[in-house]
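First comes the structure, then the notes that go with it.
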Amino acid sequence: MTSNKKTIVTDKAPGAIGPYSQAVSANGFIFASGQLGIDPATGEFPAGGVEEQAKQSLENVRALLESAGSGLDRVVKATMFLKDMNDFAAANAVYGTFFSEPFPARSTIEVARLPKDALVEVEVIALAE
């Protein structure tokens with residue numbers, strides 16, 4: 001099988017803050033790196049808490065996927081990382097406004113710390129074009 005690996009880059013989502021790609025397309029899939037709730041226009045987290053950061057994280061995921069010719073409706077697996085599992089209900093409610101049936105598979109994991117002390121981070125795997 002021949003690999004058709006391609007880096008996905010957009011200014012509509014925050015740039016990588018390390019040696020990684022925003023997303024990579026390979027063999028019919030898009031692998032999006034974890035997206036923090038950082039507004040790409042300001043480089044800052046939106047005012048508020050986990051709901052606002054979850055919304056911005058998912059907007060960043062959407063921007064990455066759309067820049068690759070895909071979309072949220074093509075997500076097959078999502079992973080949500082939370083600083084505090086007590087925020088699950090609030091983050092889940094926001095998540096539910098971005099996806100519809102058939103929902104992607106998903107894991108939600110509480111972590112000790114996220115980059116830039118974020119409250120939430122979301123990564124996805126989606127079908128390409």
Side-chain angles (χ1 to χ4, degrees):
M1 182 184 306
T2 304
S3 175
N4 58 353
K5 182 177 169 182
K6 177 182 165 192
T7 301
I8 308 299
V9 179
T10 181
D11 61 0
K12 295 184 185 328
I17 56 175
Y20 61 89
S21 299
Q22 286 175 304
V24 173
S25 175
N27 295 326
F29 290 95
I30 298 167
F31 302 86
S33 293
Q35 294 298 302
L36 301 176
I38 295 174
D39 182 332
T42 67
E44 302 292 330
F45 291 112
V50 71
E51 292 97 343
E52 292 79 10
Q53 286 192 31
K55 181 177 187 283
Q56 186 62 57
S57 293
L58 289 158
E59 291 291 355
N60 295 341
V61 167
R62 181 194 328 256
L64 276 175
L65 294 176
E66 289 178 354
S67 73
S70 188
L72 291 174
D73 62 325
R74 303 195 42 86
V75 171
V76 294
K77 174 70 167 81
T79 306
M80 186 165 33
F81 302 94
L82 295 175
K83 168 72 176 138
D84 185 345
M85 194 57 82
N86 290 317
D87 289 333
F88 177 82
N92 193 54
V94 173
Y95 178 94
T97 67
F98 281 80
F99 294 97
S100 57
E101 292 189 32
F103 296 110
R106 185 183 83 189
S107 300
T108 302
I109 304 162
E110 180 181 75
V111 295
R113 192 168 182 201
L114 288 165
K116 298 191 175 234
D117 291 320
L119 301 176
V120 63
E121 181 175 13
V122 178
E123 69 178 26
V124 300
I125 299 170
L127 299 171
E129 307 170 21

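Start at 1 with the first residue, then count along the sequence.
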_To check you understand the geometry: which heavy-atom pair defines the closest contact between Leu36 and Asn60, and what is its length?_
O-ND2, 2.9 Å

_Smallest separation among heavy atoms of Glu110 and Met85, with atom names_ = OE2-N, 2.7 Å

*Can you find a heavy atom in the side chain of Asp87 that is under 4.5 Å from one in the side chain of Val120?*
no

Indicate every side-chain donor-acceptor pair of residues 93-104 with a distance under 3.5 Å to a residue at least two apart or in another chain.
{"from": "Thr97", "atom 1": "OG1", "to": "Val94", "atom 2": "O", "distance (Å)": "2.6"}

*Out of curiosity, does Leu72 fall in the hydrophobic cluster containing Met80 (side-chain heavy atoms, cut-off under 4.5 Å, transitive links)?*
yes

*Decide yes or no for Ile38 and Phe45: does some side-chain heavy atom of the first lie under 4.5 Å from some side-chain heavy atom of the second?*
yes

*asked:* Could you report the tightest heavy-atom contact between Gln56 and Pro46, atom names first, then the distance?
replied: CB-CG, 4.2 Å

*Below 4.5 Å, heavy atoms only, C-beta onward: do Glu121 and Pro115 meet side chain to side chain?*
yes

_Short side-chain to backbone donor-acceptor contact, Thr79 and Glu123, under 3.5 Å_ = no

_Counting C-beta onward and ignoring hydrogens, is there a side-chain heavy-atom pair between Lys83 and Asp117 closer than 4.5 Å?_
no

*Report yes if the side chains of Lys12 and Pro40 come closer than 4.5 Å at any heavy-atom pair, otherwise no.*
no

_Taking every non-hydrogen atom, the tightest pair across Phe31 and Ala26_ = CE1-O, 4.1 Å

*asked:* Please identify which of these residues, Asp11, Val9, Thr7, meets the side chain to side chain contact (heavy atoms under 4.5 Å, CB included) condition with Gln22.
replied: Val9

*What are the two closest non-hydrogen atoms of Leu127 and Ile30, and how far apart are they?*
O-CD1, 4.2 Å

*Asn92 side chain reached by Arg106 side chain, heavy atoms, under 4.5 Å*: yes

*Verify the cluster assignment for Leu114 and Val122: are they in a single hydrophobic cluster under the rule of side-chain heavy atoms below 4.5 Å apart?*
no

*Between the side chain of Ser57 and the main-chain N/O of Gln35, is any donor-acceptor distance below 3.5 Å?*
yes

*Group every Ile, Leu, Val, Met, Phe, Trp and Tyr by side-chain heavy-atom contacts under 4.5 Å, then state whether Leu58 and Ile8 land in the same group.*
no

*asked:* Main chain of Glu51, side chain of Gln53: is a donor-acceptor contact present, judged purely on distance under 3.5 Å?
replied: no

*What closest approach, in Å, do Phe88 and Leu82 show between heavy atoms, and which atom pair accounts for it?*
CA-CD1, 3.7 Å

_Within the 4.5 Å heavy-atom criterion, are Lys116 and Ile17 side-chain neighbours or not?_
yes

*Can Glu52 and Lys55 be counted as an ion pair, charged N to O under 4.0 angstrom?*
no

*Using a 4.5 Å cut-off on heavy atoms from C-beta on, say whether the side chain of Asp84 contacts that of Leu119.*
no

*Do Thr10 side-chain atoms and Leu64 backbone N/O form a donor-acceptor pair below 3.5 Å?*
no

